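Per chain, numbering begins at 1; letters A, B, ... match sequence-line order. The model shown is predicted, which means the values in this text are computed figures rather than measured ones.
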Amino acid sequence: MYQEIILDHYRNPHHRGLREPYDVEVRHVNPTCGDEVTLRVKLDGTKILDVSYDSIGCSISQASASVLTDLVIGSEVDDAMAAHEAFLALMQAKGAEVGDEAVLGDAVAFSGVAKYPARVKCALLAWMAWKDATLQALARHGGEPAES
Amino acid sequence: MYQEIILDHYRNPHHRGLREPYDVEVRHVNPTCGDEVTLRVKLDGTKILDVSYDSIGCSISQASASVLTDLVIGSEVDDAMAAHEAFLALMQAKGAEVGDEAVLGDAVAFSGVAKYPARVKCALLAWMAWKDATLQALARHGGEPAES
Amino acid sequence: MSFDVETVRKDFPILDRQVRDGRPLVYLDSANTSQKPRPVLDVLTEFYERHNANIHRATHALGEEATEAYEGARIKVAEFIHASAPEEIVFVKNSSEALNLVANVLGWGPRAVGPGDEVLITEMEHHSNIVPWQILCERTGARLRWFGVTDDGRLDLSNVDDLITERTRVLAVVHVSNVLGTINPVSLLAERAHRVGALVVVDASQSVPHMPVDVTTLGADFLAFTGHKMCGPTGVGVLWGRRELLEELPPFLGGGEMIETVTMERSTYAAVPHKYEAGTPPIAQVVGLGAAVDYLRSIGMDAIAEHEREITAYALTRLAEVEGLRVLGPTEAVDRGGAISFVVDGVHPHDVAQVLDAHGVAVRAGHHCGRPIHLRYGVAASTRASSYLYTTKQEIDALIDALHAVRRFFG
Amino acid sequence: MSFDVETVRKDFPILDRQVRDGRPLVYLDSANTSQKPRPVLDVLTEFYERHNANIHRATHALGEEATEAYEGARIKVAEFIHASAPEEIVFVKNSSEALNLVANVLGWGPRAVGPGDEVLITEMEHHSNIVPWQILCERTGARLRWFGVTDDGRLDLSNVDDLITERTRVLAVVHVSNVLGTINPVSLLAERAHRVGALVVVDASQSVPHMPVDVTTLGADFLAFTGHKMCGPTGVGVLWGRRELLEELPPFLGGGEMIETVTMERSTYAAVPHKYEAGTPPIAQVVGLGAAVDYLRSIGMDAIAEHEREITAYALTRLAEVEGLRVLGPTEAVDRGGAISFVVDGVHPHDVAQVLDAHGVAVRAGHHCGRPIHLRYGVAASTRASSYLYTTKQEIDALIDALHAVRRFFG
Ligand SMILES: Cc1ncc(COP(=O)(O)O)c(C=O)c1O
Ligand SMILES: Cc1ncc(COP(=O)(O)O)c(C=O)c1O
């Protein structure tokens, strides 16, 4: 499961650290191990301007946060949500799927992680936090005029 | 387990019915089947003047109440308590003992009941009630002058 | 696949047993607990011999296998009762705990009952669906009320308008009575209860094992049942609850695995169903229950229900032959499960059962954890014969023969 | 009989397993759950195949056999911990339920805690001995306080006079920590707590399986432990309580078998221990636990404790060889159980465990249901290796080899 790509992202995580400005900040926890991610989202309408994060966690959770930000920063929310769906499906496939590199980029490297159910939660931690934050940000923009 | 003696006592119970005067009345219940015995004790010092009872229950519990009253009415509390002890021991012997007829009288017929743990409670119902009532009566006489 | 009781019986090792000096066992006490088929026992043994580990917590091969087996059983149980998601299945130790869980989380938190509120039950409930509500009412000041029953063993709905009112916060009702056998009109009652905003708790201990049950049409908000009565191991029960409710209500038992995060000062709780599964759950038993569900489905719940209807009809007919015998509850196999309680004139149920036992016939004597319903019919106790998928007409015949012997002996 | 680990291992079928493409299983996760010996599995199977019936209720042969097996196990468990009577043994589903039971019955009734009262725990408790007390305090207005721990993993008793006061109503403390391995001075604490009239609740989940425990000398009023950690089945735990207390306190779960008499209006409760065993108990699991007690006694708790001391000492020595590895808790095998939690510099516990797993070595990674104690040592999680009677030095060697591989891989 420890693909070179995963270890690279783990050793040199991209887009790490919490940045201003942001619309929404969320904190998600993996109850079993206590791993945490704090994640911020900044949208411009339906475009994702920034995703920043700070986290304590294992190689898998760190690398997947890094891969996530690579994938979604600068893209449209719809496309990012599609990537999220695809990643979720990949993680639930128990290793039986390889994933579409066009949609998932480096995230296809996680297909092997899906064979280890205990680690799937690690891989999904940042992704779940991102979706939560993004939906909140969209709801906020929908309900009231965007602040930006 | 259904010795002729048991069936006789069941069909023609001795000393049945609640009588005056009495020192103490107790009600005991077998929680599993809802069987009940209401039992009264009348002492004169340490002599058992009367034991009367009313009960709902199976052949074993009815017959054992009848046997009990035969045995204890008119005797000294000490002797009756010794019979109680002996009956308890017989009931816990799982059928391995026959019982001392000199102490237990007709109650030795219950030795076979001890092979059926579920029925031991039936056989003991009236005996436990009698002991409870008698101890209360003694305590009462001890604490305050006897009413009789 | 057509149902063949002789084939079914081969799956149950215990049915070959002899009791009381060589008499073949005639097991008519399945409402008390069911026997276990070989496939369930094999799964249990294999779990312990090959995959045993604690779940959810372990990053190792055995831990993964055990977790998968456990969560796989949750999916099976969810499908079995048509729950909309596995998260609606909470594993507990038995039906009684499931019912206590619900009564407990209605004692505090957002839906706490209190003075002025009413909890509605029925006179035919099992003690496990009476006492928890008595305790809840005692602690909170709510009032306990109940439906009576008619002389022929049905719920007396004549005063339903008086009983189900704006004050009713909970209706807790048994689906199939373990004493009378009556199948209650749960959907109808649930519809009435929901109109006044009450929660509907259904004790399905005697229905889920014996007939198809579908929570999407039953109308319940909570459903309790127990593994040992449905070919599963002892030590495991199920609470099904509507997801929003499980999410809204406060926790029951606190501890490992039911938390999100813990500090010494305070804790937050895990998502359902884990919020209600504190500590190490009955892992092997849940896996065994999953195997029991597989087994029951392989035979078919419709076929099982049909077989039991036949056996029950036959038993009712034959019991009517026994002089001085009175059945408590419906005497026809209509809207009726397979538990048949009866009294024999002049013979105490203990004595009935004892003589039956001497003939190898295993029944239950007592109030079957339903003392109020016995009092309603003017008796302290009864004898109960109850069937399951492995029960044969010959076993009913053995019961009847032994009952004649009872009458001869105590006649 | 002299202790021979290779003979012992033959009793545990799962130890022959291979994992991850043919690697022999090295099971170092016994503090999480223990493996089960053949005699326990045989008793379980035989129970279901020959004697399965519900207990206490049945007037038939199987019912008597099952009741005898169940109550016989109660006697065995009572003897095992030197309880003064079998009635002091209450069977529950796990340690967590046992602890919740006590917390719950202190929430109402004659000994209810309330505002002004204090409940005292420690920073090294398992979540199952934290959250129930948090919930109790939240509901009743009592205040939760706790002992801290020292840098070397012992209870910090420097402020004992400040913590144990007239306001202290309950002291709940773990006997052996599942994270640090520390054996706590329970008798000393109990003596102090009793002086102010507090009740002493001991979480013995990690002691009863591993060493002789004698409740007559320990000083506890209540003791909780769990079957699955002591070679027994999942789904069964034990609460031992002093008889007068069990008699005095109110009921916990209501329902079948815990009653004396029930009317619709009110109920009275059965004598202990039945008062605390509502519904069908984990019958087969209790019988299996009895077999586990027989098994442990046949080997001897002193021999088991001695074997574990040796293994723990060896493991601590060898772990000290691994660069960048820090043990949480006592680093010498003195007043110490066999759970060893550690962190490896720069490598997350999940990654440590994953690489160990790839080598066949099963350990636990996470906070082991002890988040506060991890925070105390400045980490979110750790890796834990834990031993039992079947653990060998070669298995510790395999752990050390795999840890070197971890460091190479993530170095
Ligand atoms: C110290 C301690 N207390 C309590 C528990 C809880 O035991 P269970 O999960 O069986 O309820 C455990 C084990 O998980 C433990 O190690
Ligand atoms: C109708 C009914 N409800 C509840 C129960 C309690 O189930 P358990 O004893 O498994 O908790 C039973 C069985 O005893 C039952 O028949």
Side-chain angles (χ1 to χ4, degrees), chain C residues 13-14 19-20 29 32-33 35-36 41 45 48-50 52-54 57-62 93-97 100 108 127-128 130-132 134-135 139 146 228 233-235 253-256 259 262-264 267 278-280 282-285 350 353-354 357 362 364-366 369 371-372, chain D residues 13-14 17 19-20 29 32-33 35-36 41 45 48-49 52-54 57-62 93-97 100 108 127-128 130-132 134-135 139 146 228 233-235 253-256 259 262-264 267 278-280 282-285 350 353-354 357 362 364-366 369 371-372:
Chain C
I14 208 171
V19 291
R20 304 299 181 211
D29 198 19
N32 204 352
T33 199
Q35 296 304 340
K36 322 301 176 201
L41 300 183
T45 304
Y48 283 128
E49 285 187 358
R50 307 264 314 151
N52 178 64
N54 215 321
R57 315 167 160 186
T59 3
H60 54 68
L62 297 185
K93 67 177 174 181
N94 54 25
S95 277
S96 303
E97 187 187 9
N100 276 278
W108 60 300
H127 292 163
S128 292
I130 298 176
V131 183
Q134 289 178 336
I135 291 177
R139 291 194 212 177
W146 52 88
H228 68 93
T234 54
L253 306 179
I259 55 91
V262 175
T263 62
M264 293 308 285
S267 302
T280 303
I283 305 174
Q285 294 73 39
H350 268 175
Q354 193 80 47
D357 175 50
R364 184 169 174 188
C369 302
R371 189 167 175 273
Chain D
I14 208 170
R17 260 220 52 186
V19 292
R20 305 296 183 215
D29 197 20
N32 203 353
T33 199
Q35 295 304 341
K36 322 300 176 200
L41 301 183
T45 304
Y48 283 128
E49 285 187 358
N52 179 64
N54 214 321
R57 315 166 159 187
T59 3
H60 54 68
L62 297 185
K93 67 178 174 182
N94 54 25
S95 276
S96 303
E97 187 187 9
N100 276 276
W108 60 300
H127 293 163
S128 292
I130 299 176
V131 183
Q134 289 178 337
I135 292 177
R139 291 194 212 177
W146 52 88
H228 68 93
T234 55
L253 305 180
I259 55 92
V262 175
T263 62
M264 293 306 284
S267 302
T280 302
I283 305 173
Q285 292 73 40
H350 268 175
Q354 192 79 46
D357 175 50
R364 185 170 173 186
C369 301
R371 191 168 174 274

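Using a 4.5 Å cut-off on side-chain heavy atoms (C-beta onward), D/Val262 and C/Pro372 make contact. A heavy-atom distance below 4.5 Å is found between the side chains of D/Thr33 and C/Asn52. Between D/Thr45 and C/Lys36, the closest side-chain pair of non-hydrogen atoms is not below 4.5 Å. Side-chain contact check for D/Tyr48 versus C/Pro13: every heavy-atom pair is 4.5 Å or farther apart. Side-chain atoms of D/Ile14 and C/Glu49, non-hydrogen and from C-beta on, never get closer than 4.5 Å to each other. The side-chain heavy atoms of C/Glu97 and D/Lys93, taken from C-beta on, include a pair separated by under 4.5 Å.
Interface remark: of the candidates D/Gln354, D/His228, D/His350, D/His228 forms the most heavy-atom pairs closer than 4.5 Å to chain C. For the set C/Gln35, C/Met264, C/Arg371, the count of heavy-atom pairs under 4.5 angstrom toward chain D peaks at C/Met264. For chain D, the option among C/Ser95, C/Gly366, C/Ala362 with the highest count of heavy-atom pairs below 4.5 Å is C/Ala362. In terms of heavy-atom pairs under 4.5 Å with chain D, the best-connected choice from C/Ile259, C/Thr280, C/Leu41, C/Ile283 is C/Thr280.
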query: How far apart are the C-alpha atoms of C/Asp357 and D/Thr59, what are their side-chain angles, what is the distance that settles it, and do they pass the side-chain contact (heavy atoms from CB on, under 4.5 Å) test?
result: CA-CA 7 Å; C/Asp357 175 50; D/Thr59 3; over 6 Å; no
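Counting only distance, with no hydrogens or angles, the side chain of C/Asn54 and the backbone of D/Asn32 share a donor-acceptor pair below 3.5 Å. Judged by distance alone, with hydrogens and angles left aside, the side-chain atoms of C/Asp29 form no donor-acceptor pair with the main-chain N or O of D/Ala53 at under 3.5 Å. At least one donor-acceptor pair under 3.5 Å links the side chain of C/Thr234 to the backbone N or O of D/Ala284. In this structure, C/Asn100 contributes its side chain and D/Leu253 its backbone to no donor-acceptor pair below 3.5 Å.
Nearest heavy atoms, C/Pro132 versus D/Gly254: CG-O, 3.5 Å. Across D/Cys369 and C/Gly256, no two heavy atoms sit closer than the pair SG-CA, 3.8 Å. C/His60 and D/Arg20 get closest at one heavy-atom pair: C-NH2, 4.0 Å.
Residue contact with chain D, scored on non-hydrogen atoms closer than 4.5 Å, involves the backbone and the side chain of C/Thr263 alike.
Summarising the geometry, atom OG belonging to C/Ser267 is positioned 7.0 Å from atom NE2 belonging to D/His127; distances are rounded to the nearest 0.5 Å.
With sequence neighbours excluded, no residue satisfies salt bridge (charged side-chain N to carboxylate O under 4.0 Å, His left out) with D/Arg139.
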